[in-house]
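Okay, structure first, notes after.
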Protein chains: 2
Amino acid sequence: MEAGPGLRERKKQKTRDTIIRVALELFAERGYEGTTIAEIAEAAEVSPRTIFSYFPSKEDILFYDMTETQDRLARALSERPEGATTLDVLRGFIIGTLTRDHAHRMRHCIISDDEGLQRSKRARFAPLERLVVASIAQDLQAGPDDIRPQIVAAALMAAFAAVSDDDEAPSEAYSQEHALAVIEDVLSFLRGGLQALRER
Amino acid sequence: MEAGPGLRERKKQKTRDTIIRVALELFAERGYEGTTIAEIAEAAEVSPRTIFSYFPSKEDILFYDMTETQDRLARALSERPEGATTLDVLRGFIIGTLTRDHAHRMRHCIISDDEGLQRSKRARFAPLERLVVASIAQDLQAGPDDIRPQIVAAALMAAFAAVSDDDEAPSEAYSQEHALAVIEDVLSFLRGGLQALRER
DNA sequence: GAGCAAACTTGCAGGGCGTGCAGTTATAGC
DNA sequence: GCTATAACTGCACGCCCTGCAAGTTTGCTC
């Protein structure tokens, strides 16, 4: 008896994937605002009501992988090897998270077309940033009034956003190389900044 | 003949102020989600439909001063004196923008109570950050691939957010002093970071 | 395989936000 | 005062999202 997920679980996963796929297609075709839940439901062959048992809101369909990314980051930070700093973990995490597949490129276009979605995307990074702030605060043994974790985390998230929005990359390989260079710059920057505060 | 605004304009301003005031009171009393447009309209003695001719959305009532702040920042950056850097301008701007009046404190509580509003608040800082990015890019004569402006701007915005969220300040004077200290730290940090990149 | 409990799906009713439109009311300039 | 313009209002509508009470499917047991 393999302990694989049963029919029920597999079916749910399939339905979820279908909803995401058809929703992204419709968003790309008619725009996010121009697509209704009813249309997504019809294309996915479920009832509109069912959509909301898979996703808490229409926006959550678009940002379907954010919670998973958040969990991965939390795990990467908490399970980091002895001696590894938050910055070390993040370097690997950012590179590993960069994906240039069709769905992601499509989503990038969809979000670019809508002012509100750009704001939403930014807002959805906040939980990730909070994780980074806490982890860096631990590294630096920072007190509650110490502003350094927040500054460092903000800079890191900005770098992350910059490399993942970098849409003119000619190839995935180039994109990763470029991202690595950017991240090294940011880490140098942060080390220099922290050093400057230490010397005061 | 003084060229003051006519009755029409004064009345509009008054209505706008009333809407903001009663909305904040209701939000504080019953929470943001627990308050409907209809209730705000009734308390402000206008029709629900009229609310939407003053504010594009319910959230915009809460963040009524963001567009004004954005305009002020844009002006401060574009009209800066010869030789002043973006960082110089921002130091003054942040200090000048810190306010601890009743409405702001009330809003802070309202936002703290609601997960979604915290995300929204963060998202609404994006336009400010874009202004800062552009201004810093100009200062640094940065090319399009240069990540420094985004990092520096993100760190500055994080500092701004930190000092304006600093709600346990015993007094406005203390709060300003504390903010100044934080900002000086951030500026040292940024100078150190930029220096480190220059030396590579 | 029949039956049962749990999980999943669905339709329905409804509340809240936001918009377009047309009619009424108030203001400003002559 | 009279008129053109601006503002307010009510109405109807579409959309998102939720609670609830069915109906349907799945997994498990006998």
What nucleic acid atoms does [X] come within less than 4.0 Å of, heavy atoms only: base, sugar-phosphate, or nothing?
X        : value
Thr36(A) : sugar-phosphate
Pro56(A) : sugar-phosphate
Tyr54(B) : sugar-phosphate

Tell me the interatomic distance from [X], atom [atom1], to [N], atom [atom2], rounded to whole angstroms.
X        : N       : atom1 : atom2 : result
Glu9(B)  : dG29(C) : CD    : P     : 12 Å
Ile37(A) : dT10(C) : CD1   : P     : 14 Å
Phe27(A) : dC16(D) : CZ    : C1'   : 12 Å
Glu42(A) : dT10(C) : CD    : P     : 13 Å
Ile19(B) : dC8(D)  : CD1   : P     : 8 Å
Lys58(B) : dC16(D) : NZ    : C1'   : 14 Å
Ile51(A) : dT18(D) : CD1   : P     : 13 Å
Glu33(A) : dG14(D) : CD    : P     : 17 Å

Considering only side-chain heavy atoms of [X], which listed nucleotide, [options], is closest?
X        : options                   : answer
Thr50(B) : dC8(C), dC17(C), dC8(D)   : dC8(D)
Phe52(B) : dC17(D), dG18(C), dG11(C) : dG18(C)
Thr15(A) : dT9(D), dG11(C), dT9(C)   : dT9(C)
Lys11(A) : dT25(D), dG18(C), dG11(C) : dT25(D)

Are Lys121(B) and Asp114(B) within salt-bridge range, i.e. N to O under 4.0 Å?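 No, this pair does not count.
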Please determine whether any donor N or O and acceptor N or O are separated by less than 3.5 Å between the side chain of Arg49(B) and the base of dG18(C).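 Per atom types, no contact qualifies.
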Which value, rounded to the nearest 0.5 Å, describes the distance between Leu197(B) atom CG and Arg148(B) atom CZ?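 Nearest 0.5 Å value for the CG-CZ distance: 7.0 Å.
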Linking I/L/V/M/F/W/Y whenever any side-chain heavy atoms sit under 4.5 Å apart, do Val89(B) and Val186(B) land together?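 In one cluster: yes.
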With a 4.0 Å cutoff (strictly under), does any side-chain N or O of Ser53(B) reach OP1 or OP2 of dC8(D)?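 So the side chain of Ser53(B) is within the cut-off, an N or O lying under 4.0 Å from OP1 or OP2 of dC8(D).
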Minimum-distance pair of heavy atoms, taken over all atoms of Leu98(B) and Gln176(B):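 Scanning both residues, the minimum pair turns out to be O-NE2, 4.4 Å.
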Surrounding CD of Glu45(A) (heavy atoms of other residues, nucleotides or ligands, distance under 6.0 Å), is the total greater than 12?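 Atom CD in Glu45(A) is not packed in, count stays at 12 or less.
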